[in-house]
Amino acid sequence: EAQVTQNPRYLITVTGKKLTVTCSQNMNHEYMSWYRQDPGLGLRQIYYSMNVEVTDKGDVPEGYKVSRKEKRNFPLILESPSPNQTSLYFCASSARRLHTGELFFGEGSRLTVL
Amino acid sequence: QQPVQSPQAVILREGEDAVINCSSSKALYSVHWYRQKHGEAPVFLMILLKGGEQKGHEKISASFNEKKQQSSLYLTASQLSYSGTYFCGTVQEEGTYKYIFGTGTRLKVLA
């Protein structure tokens with residue numbers, strides 16, 4: 001089954017404790033991206049990647065890192081989480097250039113930073 | 001800057017029609033539409049491309065006016081399953097793959 005898998009789905013952590021949210025897709029997609037969703041602010045792009053070793057900032061990259069060492073994986077790293085990073089996070093992938101392709105989303109990861 | 005959607009929220013009875021608009025301050029090269037149900041991930045509905053080509057998966061139609069930098073989503077004879085939040089999305093600038101979503105429209109269909 002074609003899917004984008006995120007882990008963990010739910011996480012409560014404390015300020016400053018490094019964490020990684022994994023994202024994996026089994027569709028051989030080139031484009032992968034991360035979004036955060038907050039009430040009243042909608043969905044905002046954090047980082048995206050056009051291919052292996054090619055990443056770039058979205059609208060809200062501060063406090064996050066990403067890497068793309070393999071085509072299927074695109075982990076989101078919070079080196080020193082803070083309470084303002086409490087949010088619902090989505091990973092998404094696309095088969096083609098984004099102008100003509102749809103985004104397939106993972107189920108989301110709800111993160112709480114205390 | 002986020003594309004602005006209107007209305008912000010709408011309540012319908014089953015069988016009624018609705019139109020959701022997406023307006024951008026920048027040129028639109030393509031527009032995507034997604035629906036998100038509460039607690040779930042967004043699901044792709046439709047993509048509209050420059051030149052009028054339209055691709056979608058459901059019986060929902062849309063229009064794309066490149067000159068006005070606007071897109072509209074038409075929901076005809078709404079069903080209970082249409083309830084959710086609708087987002088338009090677009091690539092912010094040609095030549096980049098920065099993606100931006102609209103402000104969202106909450107739609108509720110009542111029996």
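By the neighbour-count criterion of 12 heavy atoms within 6.0 Å, atom NZ of K37(B) is densely surrounded, having more than that number from other residues, nucleotides or ligands. Atom CD1 of I12(A) has 12 or fewer heavy atoms from other residues, nucleotides or ligands within 6.0 Å. Under a cut-off of 6.0 angstrom, the local environment of CD in E107(A) is sparse, with at most 12 non-hydrogen atoms contributed by other residues, nucleotides or ligands. Within a 6.0 Å radius of CZ in R110(A), other residues, nucleotides and ligands contribute 12 heavy atoms or fewer.
The two residues G106(A) and A41(B) make their nearest non-hydrogen contact at O-CB, 3.1 Å.
Placement of L88(A) and Y35(A) within a single hydrophobic cluster is found when ILVMFWY residues are connected by side-chain heavy-atom separations under 4.5 Å, directly or transitively. Following chains of ILVMFWY side-chain contacts shorter than 4.5 Å, one cannot reach F104(A) starting from W33(B), and the two form parts of different hydrophobic clusters. When the side chains of ILVMFWY residues are joined at heavy-atom separations under 4.5 Å, either directly or via intervening members, F64(B) and L73(B) end up in a single hydrophobic cluster. Taken together through direct or relayed side-chain contacts under 4.5 Å among Ile, Leu, Val, Met, Phe, Trp and Tyr, I46(A) and F87(B) form parts of separate hydrophobic clusters. In this structure, V14(A) is not a member of the same hydrophobic cluster as Y89(A), with clusters built from ILVMFWY side-chain heavy atoms closer than 4.5 Å.
The disulfide bond (SG atoms under 2.5 Å apart) analysis of residues 4-61 of chain A, with sequence neighbours excluded, yields the pairs C23(A)-C91(A).
Using modelled atom types, one side-chain atom of Y34(B) and one backbone atom of L103(A) make a donor-acceptor pair closer than 3.5 Å. Side-chain atoms of Q45(A) come within 3.5 Å of backbone N or O of Y99(B) as a donor-acceptor pair. In this structure, Y31(A) contributes its side chain and Y97(B) its backbone to a donor-acceptor pair below 3.5 Å.
A heavy-atom distance below 4.5 Å is not found between the side chains of H32(B) and E102(A). Using a 4.5 Å heavy-atom cutoff, the side chains of Y48(A) and K98(B) are in contact.
Between F44(B) and F105(A), the ring centre distance reaches or exceeds 6.0 Å.
Contacts between residues 56-73 of chain A and chain B, defined by a heavy-atom separation under 4.5 Å, are made by K57(A), G58(A), D59(A).
Taken to the nearest 0.5 Å, the OG1 atom of T85(B) stands 9.5 Å off from the CG atom of L43(A). Q36(B) CD to F90(A) CZ: the interatomic distance, rounded to the nearest 0.5 Å, is 5.0 Å.
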